[in-house]
Amino acid sequence: MRIVKFQNPKQNVNHSVMANLRKTLTKLPHLITFEAACRHNNFTRAAEYLGVTRVSVSRQIAELEEALGTKLFYRDHRKVTLTQAGRALETEVSPALHQIAEALLNAAARASDTRLTVTTTSAFATYWLMPRLVDFSNQHPDIELNLVVSDRKLDLEAEGIDVAIRYSKTPPNWENVTPLLQERVFPVYSPIYRARTGMETPEDLLNENLLHLSGIYRPGARWPNWFRNCEIPPPPESSGVVLNTYINMLQAAIAGQGIALAGNPLVDPYLSDGSLRKLEGFPEIERDFFYLIDATENRKDAATFCDWVRDQASITSQAAE
């Protein structure tokens, strides 16, 4: 007897069974095992697919047969073959399980669609994006953001990322990419830093306490590159303090522990409020761009967020001129 037609939930539903799903579907895990055994015609391969032992598969099939009061498989040494009852059950169960799985995936997709997932680096999120997000929330209270902060280049499709802001030497390989802001790096220090020299020339910095970046950061962001651009042999890292994140480096500079090689737009808020000062007249090095990536296919909330980001970047550029 057909209990439920999964193809159309509005038709042919046995409501007495639906009201007692907990009792009726106690063997649902066994049916999943049964479906795997049907596809592979072998308990061992079904076990490998399910990540369980062959004994577990054999036991669940035996329990299902006992519950139904009929044999579902003819057992052979190397393979199993469906009985007539097994074939009838497989005809009903296989499409039903696949439809349930598809319904769950669709429900998960709809749930994830309610939020816009945005990723960027920890430094860009901390110093540029997050201070501005209040403005976005005020303008668009209906759009819920899920901010994923990572210094790794995430696989946008695999991680379910909708929008990304990435720092890159070349434009990322996506269709909808916008260059937002170009970084320029220069020496900065705190008003409470105790200088050892007059800090009037690049050579003076050789005698100052320098804050060095280590780890994933490319050479262009580090002191040796800056000194070479000044045609000065760079000092060893041992002459200063080594830090492994941009955020820690800026915090150390604000605390007066040394001079940092930092860049706009990330350092701009601290230059504005006086927490950090720029060594005026010292060389600045143009570096890479921050790129905006819309990885969606014409999602309205993504387009709205990207338009807002571009407007904010334009404001930042105008302020720097």
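If you read the sequence from its start, that first residue is 1, and numbering goes on from there.
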*Go through Ser122 and Asp151 one step at a time and tell me if the side chain to side chain donor-acceptor pair (under 3.5 Å) criterion holds.*
CA-CA 6 Å; Ser122 56; Asp151 289 328; 3.0 Å; yes
*asked:* Under the salt bridge (Lys or Arg N to Asp or Glu O under 4.0 Å) definition, can you give me all pairs with a residue in residues 273-285, not counting sequence neighbours?
replied: Arg184-Glu284, Lys278-Glu284
*asked:* Would you say CD of Gln139 has more than 12 non-hydrogen atoms from neighbouring residues, nucleotides or ligands within 6.0 angstrom?
replied: yes
*To the nearest 0.5 angstrom, please state how far the CG atom of Asn207 sits from the CZ atom of Arg196.*
8.0 Å
*asked:* Do the side chains of Glu65 and Arg75 get close enough for a salt bridge, i.e. N-O under 4.0 angstrom?
replied: yes
*Using the test ring pair (Phe, Tyr, Trp, His ring centres under 6.0 Å), find all partners of Tyr189 that sit at least two apart in sequence or belong to another chain.*
none
_Ring centres under 6.0 Å, that's the criterion: do Phe34 and Phe73 meet it?_
yes
*asked:* By the ring pair (Phe, Tyr, Trp, His ring centres under 6.0 Å) test, which pairs, at least two apart or in different chains, include something from residues 46-72?
replied: His40-Tyr49
*Is Asn173 atom CG crowded by more than 12 heavy atoms from other residues, nucleotides or ligands, each under 6.0 Å away?*
no
_Phe124 ring center within less than 6.0 Å of Phe290 ring center_ = yes
*Would you mind reporting whether Tyr193 and Met199 have side-chain heavy atoms less than 4.5 Å apart?*
yes
_ring pair (Phe, Tyr, Trp, His ring centres under 6.0 Å) against Phe227, all qualifying residues, sequence neighbours excluded_ = Trp223
_Any Val148 side-chain heavy atom under 4.5 Å of Leu154 side chain_ = yes
*Can you list every salt bridge (Lys or Arg N to Asp or Glu O under 4.0 Å) pair that touches residues 34-54, not counting sequence neighbours?*
Glu35-Arg39
*Which pairs count as salt bridge (Lys or Arg N to Asp or Glu O under 4.0 Å) when at least one residue sits in residues 127-146, sequence neighbours excluded?*
none
